[in-house]
2 protein chains.
Amino acid sequence: MAKRSAPGAEKGPKKSRQQRIFEEAVQLFNKQGYAGTSIRDLADAVGILPGSVYAHIDGKHSILVRLVEHGVEQYLTGTANLSGTAEEQLRALIDAHLSVIAANVDLALVVFHQWRHIEGADRDRIMAKRRSYEQRIRDIIDRGISSGEFRPDIDPPLAVLTILGILNWVPEWFSPNGRDPAAAVSKGLAQIILAGVLN
Amino acid sequence: MAKRSAPGAEKGPKKSRQQRIFEEAVQLFNKQGYAGTSIRDLADAVGILPGSVYAHIDGKHSILVRLVEHGVEQYLTGTANLSGTAEEQLRALIDAHLSVIAANVDLALVVFHQWRHIEGADRDRIMAKRRSYEQRIRDIIDRGISSGEFRPDIDPPLAVLTILGILNWVPEWFSPNGRDPAAAVSKGLAQIILAGVLN
DNA sequence: CCTACCGATCGGTAGG
DNA sequence: CCTACCGATCGGTAGG
């Protein structure tokens, strides 16, 4: 009875049931893992019966692929238009990366932990996008070394992995409701990262 | 027939079947996740029947708890006796941490990805050990700032999370058979980390 | 989105 | 460590 309210009475924007399923999947995949989450768990979470889930999705696996791929793409689109000096570009990338994480920490955790459950062509496609993002960082490092902004003794591949490690570890501890807002974390991490690479 | 050879004929040291189960569990948990790995998978991997697995272990969950707890403890024991200046201690910790990872990258991945499947008292106990390790890093940072070795404008909690991020991201890309030996990675990461904190 | 259901697989156990 | 088995749950489907 309380389920259906008048269309104009809802507080937030209307969410499709499919959208609800994806959102609940993020929480459940995070808590129980992909394999440990059943279609029945998902159905319970959105308030429908197990068989009805298939009216909205192709299968359990396609939920995971869509979540991870969409998640990865956010990092790419957030850093599509970098300009300025290498230092400015690196600062902008750090900020964009942390904005994506902070916007949905749970999705970030799904992206980094559950992608191993994806195989074959889906995995190849997603990995290619991740590598493309890593290359974006690599290009900034190379440019910074060439321009003399960054220390010449830096090992570029290792620097990329270091920066990725710092940034991708953030979802493990960051809380949107914690005492550190995302902007403060971004500023602090940018300071540490830049201190390590600047000439 | 080929299964049982004369006791002295084996190449490596004798491994108990229990040990074999734990080793195969590391691989399987990594590939399929804890929930996605069945007792039957484990039994197949060690060459016994599903029911026989319970002659060696208490249950599926106890395998996970033991792997993760043992894994976490390695980081603590590897850094139990640090001495010298803050810089020396930090270098030693980085080296010890990477030695533990390099000794068993797959176990490291299980530790960092599968601990979420552990709940209750087991989880509390393991998390306490993790926090104890983090405090060990924190103490080094604090000491380095006090002594003037490290930059005074460092945010200690953030520095700890940065270092943990760099180190704990290593299992995601490190290959023991890759072109970078563990010692080279340790040296490179130490250089980058120290550059970020040294005064 | 529900009813009703499928074959497969799950963790685990009794008794040897 | 095997034989033989248990009740529970799994992803997914036909037909409405």
Asks: Using whole Å, report how far CG of A:L49 lies from P of D:dT13.
Replies: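 After rounding, the gap between these two atoms is 17 Å.
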Asks: Between B:R20 (CZ) and D:dC1 (C1'), how many Å, whole number?
Replies: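 These atoms are roughly 15 Å apart.
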Asks: Tell me every residue that passes side-chain hydrogen bond (donor to acceptor under 3.5 Å, both in side chains) with A:E134, counting only those two or more places apart in sequence or in another chain.
Replies: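 Partners of A:E134 under the side-chain hydrogen bond (donor to acceptor under 3.5 Å, both in side chains) test: none.
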Asks: Stems in DNA chain C: runs of 3 or more consecutive Watson-Crick or G-U pairs, distances under 3.5 Å?
Replies: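 Stems for DNA chain C, defined as runs of 3 or more consecutive pairs: C:1-16 with D:1-16.
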Asks: Quickly work out the A:Y54 OH to C:dC6 P distance and round it to whole Å.
Replies: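 Result: 17 Å.
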Asks: Salt-bridged, A:E172 to B:R130, with N to O below 4.0 Å?
Replies: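 A salt bridge is absent here (no side-chain N lies under 4.0 Å from a carboxylate O).
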Asks: Going by the rule ring-ring contact (aromatic ring centres under 6.0 Å, His included), which residues pair with A:H56 if we only count those two or more places apart in sequence or in a different chain?
Replies: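 In terms of ring-ring contact (aromatic ring centres under 6.0 Å, His included), with neighbours along the sequence ignored, A:H56 is linked to no residue.
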Asks: Give me each pair satisfying ring-ring contact (aromatic ring centres under 6.0 Å, His included) with a member in residues 77-105 of chain A, each pair once, sequence neighbours excluded.
Replies: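 Non-adjacent pairs meeting ring-ring contact (aromatic ring centres under 6.0 Å, His included): A:Y75-A:H97, A:H97-A:Y133.
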Asks: Nearest-Å distance, NE2 (B:H61) to P (C:dG12)?
Replies: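 To the nearest whole Å, that distance equals 10 Å.
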Asks: Rounded to whole angstroms, how far apart are CZ on A:R40 and P on D:dG12?
Replies: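 Nearest whole value for this atom pair: 11 Å.
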Asks: Is any side-chain N or O of A:R17 closer than 4.0 Å to OP1 or OP2 of C:dC1?
Replies: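 Yes.
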Asks: Round to a whole Å and report the spacing from CG of B:L28 to P of C:dC10.
Replies: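 Taking CG of B:L28 and P of C:dC10, I get 12 Å after rounding.
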Asks: Does a donor on one side chain sit under 3.5 Å from an acceptor on the other, for A:N30 and A:Q114?
Replies: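 No pair is found: no donor N or O on one side chain lies under 3.5 Å from an acceptor on the other.
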Asks: Can you name the salt bridge (Lys or Arg N to Asp or Glu O under 4.0 Å) partners of B:D58, sequence neighbours left out?
Replies: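 Counting only residues at least two positions away or on another chain, B:D58 forms no salt bridge (Lys or Arg N to Asp or Glu O under 4.0 Å).
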Asks: Which donor-acceptor pairs under 3.5 Å do side chains of residues 175-183 of chain A form with protein atoms, sequence neighbours excluded?
Replies:
from   : atom 1 : to     : atom 2 : distance (Å)
A:S175 : OG     : A:N177 : N      : 3.2
A:S175 : OG     : A:G178 : N      : 3.2

Asks: Please report the distance, rounded to the nearest Å, between CD1 in A:I63 and C1' in D:dG11.
Replies: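 After rounding, the gap between these two atoms is 11 Å.
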Asks: Please check the phosphate of C:dC10 (OP1 and OP2 only) for any side-chain N or O of B:S38 closer than 4.0 Å.
Replies: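 For C:dC10, OP1 or OP2 has a side-chain N or O of B:S38 closer than 4.0 Å.
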Asks: Atom CD1 of A:I48 to atom P of C:dC1: distance rounded to whole Å?
Replies: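 For the pair A:I48 CD1 and C:dC1 P, the rounded distance is 6 Å.
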Asks: Among D:dC1, C:dC1, D:dG11, find the nucleotide with the atom closest to the side chain of A:K60.
Replies: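 Selected nucleotide (nearest to the side chain): D:dG11.
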